[in-house]
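A short write-up of the structure that comes next.
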Amino acid sequence: QVQLVESGGGLVQAGGSLRLSCAASEGTFNSYTVAWFRQAPGKEREFVAQVTWPGGSTFYRDSVKGRFTISREYAENTVYLQMNSLNPEDTAVYYCAARRYLATVATRSAMYDYWGQGTQVTVSS
């Protein structure tokens with residue numbers, strides 16, 4: 001199994017930016033499709049963004065299009081989520097998720113096998 005570790009969360013003001021990182025603590029997940037989910041208190045976990053493997057296609061929920069960018073650096077065995085123009089509505093625990101050999105869009109959490117522990121993102125107004 002691959003172990004995922006998220007980092008980069010923190011407190012920012014509205015309009016600010018953060019870059020989240022998702023890395024394998026050991027081994028590699030370069031052959032996995034990777035997604036970011038988030039969960040706010042009292043809310044369901046929701047899909048944020050995905051980068052497929054194979055193919056490298058990216059998908060985003062409508063509310064983050066144009067603001068968030070998912071990318072991966074294979075040499076570093078890391079997937080990033082660049083978040084710009086953050087809103088208080090973006091406040092949530094952000095989770096990295098992965099599964100092997102998925103080249104299509106996958107927005108349901110049950111479609112992913114491996115999860116990180118989450119990193120808190122708080123956007124103040």
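Side chains are part of it too, since the values below use all heavy atoms of this structure and drop only hydrogens, waters and symmetry mates.
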| Spacing of CD belonging to Gln82 relative to CZ belonging to Phe68, to within rounding of 0.5 Å | 9.5 Å
| Would you say the side chain of Val121 lies within less than 4.5 Å of the side chain of Thr91, judging by non-hydrogen atoms? | no
| query | Mind checking whether Tyr80 and Val48 sit in one hydrophobic cluster, side chains of I, L, V, M, F, W, Y counted as touching below 4.5 Å? | reply | no
| message | Testing the basics here: between Ala23 and Thr78, what is the closest heavy-atom pair and its distance to 0.1 Å? | response | CB-OG1, 3.9 Å
| message | Taking transitive links into account, so neighbours of neighbours count too, which hydrophobic residues share a cluster with Tyr74 at under 4.5 Å side-chain distance? | response | Trp53, Tyr101
| message | For a 4.5 angstrom cut-off between non-hydrogen side-chain atoms, does Arg67 reach Asn87? | response | yes
| task | Find out whether Ser109 and Trp115 are in side-chain contact, i.e. whether some heavy atom of one side chain is under 4.5 Å from a heavy atom of the other. | result | yes
Below 3.5 Å, can you tabulate the donor-acceptor pairs from side chains in residues 32-39 to any protein atom, sequence neighbours excluded?
| residue | atom | partner | partner atom | Å |
| --- | --- | --- | --- | --- |
| Thr33 | OG1 | Gln50 | NE2 | 3.3 |
| Thr33 | OG1 | Val51 | O | 2.7 |
| Thr33 | OG1 | Leu102 | O | 3.4 |
| Arg38 | NE | Glu46 | OE2 | 2.7 |
| Arg38 | NH1 | Asp90 | OD1 | 2.9 |
| Arg38 | NH1 | Tyr94 | OH | 2.9 |
| Arg38 | NH2 | Glu46 | OE2 | 3.1 |
| Gln39 | OE1 | Arg45 | NE | 3.4 |
| Gln39 | OE1 | Arg45 | NH2 | 3.3 |
| Gln39 | NE2 | Lys43 | O | 3.1 |

| said: Test of understanding: clusters of I, L, V, M, F, W, Y form through side-chain heavy atoms closer than 4.5 Å, transitively. Do Phe47 and Val93 belong to the same one? | reply: yes
Tell me which donor-acceptor pairs under 3.5 Å the side chains of residues 5-20 have, and how far apart each pair is, sequence neighbours excluded?
| residue | atom | partner | partner atom | Å |
| --- | --- | --- | --- | --- |
| Glu6 | OE1 | Gln117 | N | 2.9 |
| Glu6 | OE1 | Gly118 | N | 2.8 |
| Glu6 | OE2 | Cys96 | N | 2.7 |
| Glu6 | OE2 | Gly118 | N | 3.3 |
| Ser17 | OG | Asn84 | OD1 | 2.9 |

| message | I'd like to check Thr69 versus Tyr60 (side-chain heavy atoms, cut-off strictly below 4.5 Å). Are they in contact? | response | yes
| note | Interatomic distance, OG1@Thr52 vs CZ@Arg72, rounded to 0.5 Å, equals 8.5 Å
| Among the clusters formed by ILVMFWY side chains lying less than 4.5 Å apart, do Leu4 and Ile70 turn up in the same one? | yes
| said: Is there a path of hydrophobic side-chain contacts, each under 4.5 Å between heavy atoms of I/L/V/M/F/W/Y residues, joining Val79 to Val64? | reply: yes
| query | What distance do Cys22 atom SG and Phe29 atom CZ have between them, rounded to the nearest 0.5 Å? | reply | 4.0 Å
| message | Treating Arg99 as the side-chain partner and Met111 as the backbone partner, does any N or O pair qualify as donor plus acceptor under 3.5 Å? | response | yes
